[in-house]
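Down below is the structure, laid out as structure tokens.
Letters A, B, ... are given to chains in the order of the sequence lines, protein chains preceding strands, and every chain is numbered from 1. Predicted model, so just to flag it, every value in this text is computed and none were measured.
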Number of protein chains: 2
Amino acid sequence: MTSTDPPMTGTDPATGTDPAAPARRRSRQRDTLRAYLTEQDTFRTAQDIHADLRARGETIGLATVYRALQRLVDDGDVDVLRTPDGEAAYRRCATPRHHHHLVCRDCGRTVEVSDPPVARWAEQVARDHGFTDVEHVVEVFGTCAGCGS
Amino acid sequence: MTSTDPPMTGTDPATGTDPAAPARRRSRQRDTLRAYLTEQDTFRTAQDIHADLRARGETIGLATVYRALQRLVDDGDVDVLRTPDGEAAYRRCATPRHHHHLVCRDCGRTVEVSDPPVARWAEQVARDHGFTDVEHVVEVFGTCAGCGS
DNA sequence: ATTCTTGCAAACCCTTTGCAAGCTA
DNA sequence: TAGCTTGCAAAGGGTTTGCAAGAAT
């Protein structure tokens with residue numbers, strides 16, 4: 001609806017890419033991260049991801065994990081959310097369109113949930129009070145069946 | 001509805017206070033902070049609050065601000081929320097019962113909004129997937145009329 | 001007098017950045 | 001070869017904590 005993300009630079013209407021953006025090269029690390037994220041169904045912090053990859057014997061630096069995640073997020077390939085204690089958690093979601101999450105605060109297991117009514121409500125409330133460039137954050141945290149006592 | 005906050009220690013059914021908790025003494029700093037928060041209608045970070053108080057000539061340490069805010073939050077006297085970039089922002093809300101916020105991402109000006117449907121929706125979604133101890137985070141960010149271009 | 005509070009500085013943690021070396025195209 | 005990518009270590013920024021000095025009861 002509302003364009004919440006104004007492009008920083010112009011994009012070529014033909015290719016949809018930014019002509020001014022630097023060329024992108026592929027790398028083992030980024031491929032590894034992408035593969036890892038694809039097989040995950042939980043939200044994980046950058047540190048978690050780094051630790052997991054290292055544990056598997058992969059060689060990748062923490063800074064690289066952060067940089068790669070940042071790029072995936074910018075490209076819209078990965079979702080980010082802030083855990084209640086302020087850490088950023090990442091996840092490659094199955095649903096490409098706007099949605100929310102039901103996240104287990106213990107293991108990160110996540111269920112994607114959509115709710116158009118909430119979005120409409122947010123837009124309405126904002127408009128009623130003269131706010132623009134609306135963005136709403138809706139996350140549900142809980143303890144999943146597996147982690148429950 | 002659901003008891004989302006299990007008490008860490010037992011509370012005396014008579015007084016409603018925790019017998020094991022240390023005695024609480026009043027202090028100039030805490031009174032000042034409380035007064036400051038009461039006159040504010042915007043969400044502010046601990047750093048902002050500290051800067052504001054210092055600018056007014058008040059003498060109070062940053063650590064004290066953090067500790068005092070933490071206590072107010074624990075007591076349920078102040079609301080906290082995470083800004084999109086991970087900082088904690090505090091505000092003494094007028095509405096004592098559960099509610100959400102429409103926050104200006106520039107100046108922090110806030111409008112308290114209630115929406116029972118969202119809460120019920122969250123509970124329902126969580127229950128449907130076997131999650132317990134549900135907690136939902138719903139915040140709407142935007143640019144208020146005053147900060148808008 | 002007791003012990004809760006404060007301040008400062010150091011410690012913590014997550015995240016970002018500088019820069020030289022490595023690798024992709 | 002050109003220049004994007006990586007790793008490491010250092011720097012940043014917010015928040016917490018240790019500890020001795022300062023208050024409140």
B:Glu139/B:Arg91 ion pair, N-O < 4.0 Å: no
Working to the nearest 0.5 angstrom, can you tell me the gap between B:Leu102 CG and A:Arg127 CZ? 12.0 Å
Would you list the protein and nucleotides 23-25 of chain C atom pairs, both N or O, that sit under 3.5 Å from each other?
residue	atom	partner	partner atom	Å
C:dT24	O2	A:Arg25	NH1	2.9

Side chain A:Arg109, main chain A:Asp41, donor-acceptor under 3.5 Å: no
Tell me which donor-acceptor pairs under 3.5 Å the side chains of residues 59-72 of chain A have, and how far apart each pair is, sequence neighbours excluded?
residue	atom	partner	partner atom	Å
A:Thr59	OG1	A:Arg28	NH1	3.4
A:Tyr66	OH	A:Gln47	NE2	3.1
A:Gln70	NE2	A:Asp74	OD1	3.1

First locate atom CD of A:Gln40, then atom CG of A:Asp48, and finally report the distance between them rounded to the nearest 0.5 Å. 9.5 Å
Grab the CZ-C1' distance between B:Arg82 and C:dC13 for me, whole Å please. 12 Å
With ring-ring contact (aromatic ring centres under 6.0 Å, His included) as the rule and sequence neighbours excluded, what pairs involving residues 113-136 of chain A come up? A:His98-A:His136, A:His100-A:His136
pair B:Val137-A:Arg82: side-chain heavy atoms closer than 4.5 Å: no
B:Arg30 CZ to C:dT6 P, in whole Å, measures 6 Å
What residues, two or more places apart in sequence or in another chain, satisfy side-chain contact (heavy atoms from CB on, under 4.5 Å) together with B:Thr95? B:Arg97, B:His99, B:Glu112
If we fit an axis to the first five pairs and another to the last five of the helix from C:dA1-D:dT25 to C:dA25-D:dT1, what angle do they make, to the nearest 10°? 30°
So, with a heavy-atom separation below 4.0 Å from DNA chain D, the residues of residues 37-49 of chain B are B:Gln47
Using a 4.5 Å cut-off on heavy atoms from C-beta on, say whether the side chain of A:Cys107 contacts that of A:Cys144. yes
Return yes when atom CZ of B:Arg26 has more than 12 non-hydrogen atoms of other residues, nucleotides or ligands closer than 6.0 Å, and no otherwise. no
Note: for B:Ala23 and B:Gln29 on DNA chain C, the residue whose nearest nucleotide lies more 5' is B:Ala23
Close approaches to DNA chain D from residues 53-61 of chain A, in residue order (heavy atom, under 4.0 Å): A:Arg54, A:Thr59, A:Ile60, A:Gly61
Pairwise side-chain contact, B:Tyr36 with B:Glu58, heavy-atom cut-off 4.5 Å (strictly under): no
Any side-chain heavy atom of B:Leu37 within less than 4.5 Å of one from B:Ile49? yes
Measure the distance from CG on A:Leu62 to C1' on C:dC13 and round it to the nearest whole Å. 11 Å
Taking only residues two or more places apart in sequence or in another chain, which ones pass side-chain contact (heavy atoms from CB on, under 4.5 Å) with A:Ala89? A:Phe43, A:Leu81, A:Thr83
B:Arg54 meets the side-chain contact (heavy atoms from CB on, under 4.5 Å) criterion, sequence neighbours left out, with B:His50
Sequence neighbours left out, what passes side-chain contact (heavy atoms from CB on, under 4.5 Å) with B:Pro96? Give chain and number order. none
Contacted region of DNA chain D by chain B, from 5' end to 3' end of the hits, cut-off under 4.0 Å to heavy atoms, spans D:dG14 to D:dT25
Near DNA chain D, which residues from residues 65-77 of chain B have a heavy atom under 4.0 Å away? B:Tyr66, B:Arg67
